[in-house]
Amino acid sequence: MPRSTRGVFDGTTSGLLLEVELAGVARGRRAETLAGQLRLAVRTGTLPTGTRLPASRTLAADLGVSRGVVVRAYDQLVAEGYLAGRRGSGTIVAGGSDPGPPAPLRPITRSSNPGLPSGGTFPRAAWARCAARALAALTDDELGYGDPAGLPRLREELARYLGRVRAVLAPPERVVVVNGFAQASRLVADVLCGGGTTCIAVEDPGSIGLRDQLTASGLTCVPVPVDDEGIQVDALAASGVHAVVVTPAHQFPTGAVTSPARRHALLEWARSCGGLVLEDDYDAEFRYDRTPIGALQGLGPDVVLYGGSVSKTLAPGVRLGWLVVPEHLVATYRDAKYTADLARGVLDQATFAELLASGEMDRHIRHMAAEYRHRRDHLVAAVVSSLPDWDVTGTAAGLHLVLHTPGRDDEALARQAQACGLDARALSRYSLESPSRPGLVIGYGHQPPGRLSAAVEALARALGRER
């Protein structure tokens, strides 16, 4: 039986997505016809400049014609300048001239909150070892569409880890693996909106990115003031809302720790009004000057949705996080995750499960806690030395602190501090309604100690020249 002379190349053999029709073309005109169709594809942009064409033998096999047909078509287009033959690179679309290598894409990034971890200290070697072991252990079925709640092995390891490190009551069946806390907050918003909720309370001051996520999902954010003991529960109750997002272990951005009395009052509020508390435990693994504080969820697993991620402990680019869901909401959130994107990618899940099981995650956190404390100490010492009239708060944990600046416009000061090399944001920009002392939120996790000290000294010199 003669082979078909009509081909649609979809990447399976030739690697070319292009429809070529040679049916009914006389044998003597097939090279001419093929050249015409390729020429048209170049002219219309279907084959952009720089596209590598399949080898003549591969394309001939796909079309069911002799290799000579393809060679003659290629030669004709090379002579016309549409194609170019490059030693070691095969035949490419030239567009009339050798295009050379394409210009590299410039990444488009959005500004983030301060408190980034150090990308240079990501445990690359440990991650690679765990990835190799995890990939070898994955079953064929696990490479298919899995449980929307996440890889069972990772949920089991997370249950052990969160119980041991954060005192979270996290049976594996109540863990949902997500693409970072950003997706966790969107899932919560989707579920709330689907149930008829239109408003959610947020800490004031609080995370701008979180407010943006919730607002984009259709919720109205109601600001509730924060003081040195955490969110003001009386003001929360007076707001009339039935859902709230809190950062009790290390309030963002002030660094306040929610007091035991406020924790119990918050849980009592939730139980009395049928409310829901979303706990963002974003950097609690890094505590320096006091005993680690357990998660709020351990006191109220019936009313607290606990969320965390590896964005501070490993890197934001890993995009891996989790929700621990009250028992009566497990099916709801599994369905919400399935609707959002079917499931989280399995390879990173398996690798992270191995990182937890092998103890590599614990070793990394211990190492980085010491390193981040060292960076914090350098920053604080530089402020005390160079800017002695500034107050420093929020230093007990995390990857950022707050500098309270006497009598200054913190927006202008933030721009000046950034010019001197500090990762600085105006404290006032995080507030919706609550007035705050002027201040700067300074991230220090991603900068070496020497650079932090030099930046503070440069800022002090700049301010001295102004005075």
Side-chain angles (χ1 to χ4, degrees), residues 110-116 201-215 221-232 235 245-259 262 280 282-284 286 288-289 312 372 375-376 378-384 386-447 452 455-456 458-460 462-463 466:
R110 298 187 178 216
S111 60
S112 62
N113 286 322
L116 291 174
V202 294
E203 296 171 326
D204 193 23
S207 168
I208 298 171
L210 174 63
R211 293 200 300 259
D212 290 345
Q213 289 284 339
L214 297 172
T215 301
C221 292
V222 178
V224 178
V226 172
D227 59 24
D228 291 342
E229 292 189 67
I231 193 166
Q232 297 180 12
V245 188
V246 293
T247 51
H250 187 226
Q251 201 276 330
F252 185 86
T254 68
V257 177
T258 303
S259 67
R262 289 279 177 87
D280 180 3
Y282 66 100
D283 66 359
F286 298 128
Y288 313 122
D289 298 329
K312 297 292 188 288
Y372 290 142
R375 298 182 187 202
R376 181 210 62 174
H378 265 72
L379 176 58
V380 172
V383 171
V384 170
S386 301
L387 300 166
D389 55 338
W390 290 20
D391 293 332
V392 185
T393 62
T395 61
L399 304 177
H400 77 276
L401 52 74
V402 178
L403 304 180
H404 292 286
T405 57
R408 288 184 174 274
D409 174 5
D410 58 5
E411 284 284 0
L413 187 59
R415 291 191 292 271
Q416 197 166 19
Q418 290 166 8
C420 291
L422 288 172
D423 182 8
R425 318 293 168 87
L427 179 59
S428 60
R429 69 181 296 198
Y430 296 99
S431 297
L432 289 174
E433 293 181 356
S434 304
S436 62
R437 296 168 59 190
L440 297 179
V441 182
I442 306 290
Y444 56 81
H446 60 296
Q447 291 187 315
L452 290 167
V456 171
L459 178 60
L463 296 177
E466 284 185 4

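In what follows, residues are counted from 1 in the order of the sequence shown.
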Return the set of residues passing salt bridge (charged side-chain N to carboxylate O under 4.0 Å, His left out) with D409 (not counting sequence neighbours), or none when no residue passes. none
Kindly indicate whether the side chain of R376, heavy atoms from C-beta on, has any atom under 4.5 Å from the side chain of D289. yes
If I compare all heavy atoms of S386 with all of V456, which pair ends up nearest, and what's the gap? CB-CG1, 4.1 Å
Passes side chain to side chain contact (heavy atoms under 4.5 Å, CB included), D391 versus R437? Steps please. CA-CA 11 Å; D391 293 332; R437 296 168 59 190; 2.9 Å; yes
If only side-chain N and O atoms count, and only distance matters, is there a donor-acceptor pair under 3.5 Å linking T258 with Q251? no
What's the shortest heavy-atom distance between A414 and A426, and which atoms? CB-N, 3.7 Å
Are D204 and L432 side-chain neighbours, meaning at least one heavy-atom pair lies under 4.5 Å? yes
Heavy-atom closest contact (V224 atom, A235 atom, distance): CG1-CB, 4.0 Å
Note: Y288 and G398 closest approach over all heavy atoms is OH-O, 2.6 Å
Distance, nearest 0.5 Å, that separates CG of L413 from CD of Q418: 10.0 Å
Return the set of residues passing salt bridge (charged side-chain N to carboxylate O under 4.0 Å, His left out) with R262 (not counting sequence neighbours), or none when no residue passes. D227
Can you list the steps and then say if T247 with D283 is a side chain to side chain contact (heavy atoms under 4.5 Å, CB included)? CA-CA 10 Å; T247 51; D283 66 359; over 6 Å; no
So, the side chain of R211 versus the backbone of V202: is there a donor-acceptor pair under 3.5 Å, distance only? no
Could you check whether D410 and S428, counting side-chain N and O atoms only, form a donor-acceptor pair closer than 3.5 Å? yes
Does D228 have more than 12 heavy atoms from other residues, nucleotides or ligands lying within 6.0 Å of its CG? no
Answer whether the closest heavy-atom distance between the side chains of P205 and T254 falls below 4.5 Å. yes
Write down the atom of P114, the atom of G443, and the distance for their closest heavy-atom approach. CB-N, 3.8 Å
Which residues pass the side chain to side chain contact (heavy atoms under 4.5 Å, CB included) test with A284, sequence neighbours left out? R166, A249, D281
Donor-acceptor contact present, side-chain Q416 to main-chain L463, <3.5 Å: no
Hey, does L427 have a side-chain heavy atom less than 4.5 Å from the side chain of V402? yes
Rounded to the nearest 0.5 Å, what separates atom OG in S207 from atom CG in D280? 7.5 Å
For R415, all residues meeting salt bridge (charged side-chain N to carboxylate O under 4.0 Å, His left out), sequence neighbours excluded: none
Work out which heavy atom in L379 is nearest to a heavy atom in L452; give both atom names and the distance. CB-CD1, 4.4 Å
Is there side-chain contact between Q232 and V226, with heavy atoms separated by less than 4.5 Å? no
For a 4.5 angstrom cut-off between non-hydrogen side-chain atoms, does I442 reach L403? yes
Who are the salt bridge (charged side-chain N to carboxylate O under 4.0 Å, His left out) partners of D423, not counting sequence neighbours? R425
Do E203 and V246 touch side chain to side chain, with heavy atoms closer than 4.5 Å? yes
What's the separation between atom CG in L116 and atom OH in Y444, rounded to the nearest 0.5 Å? 13.0 Å
Candidate pair V380 and L401, rule side chain to side chain contact (heavy atoms under 4.5 Å, CB included), full reasoning: CA-CA 9 Å; V380 172; L401 52 74; 3.8 Å; yes
Ring pair (Phe, Tyr, Trp, His ring centres under 6.0 Å) contacts touching residues 398-437 (sequence neighbours left out): H250-H400, F252-H400, F252-Y430
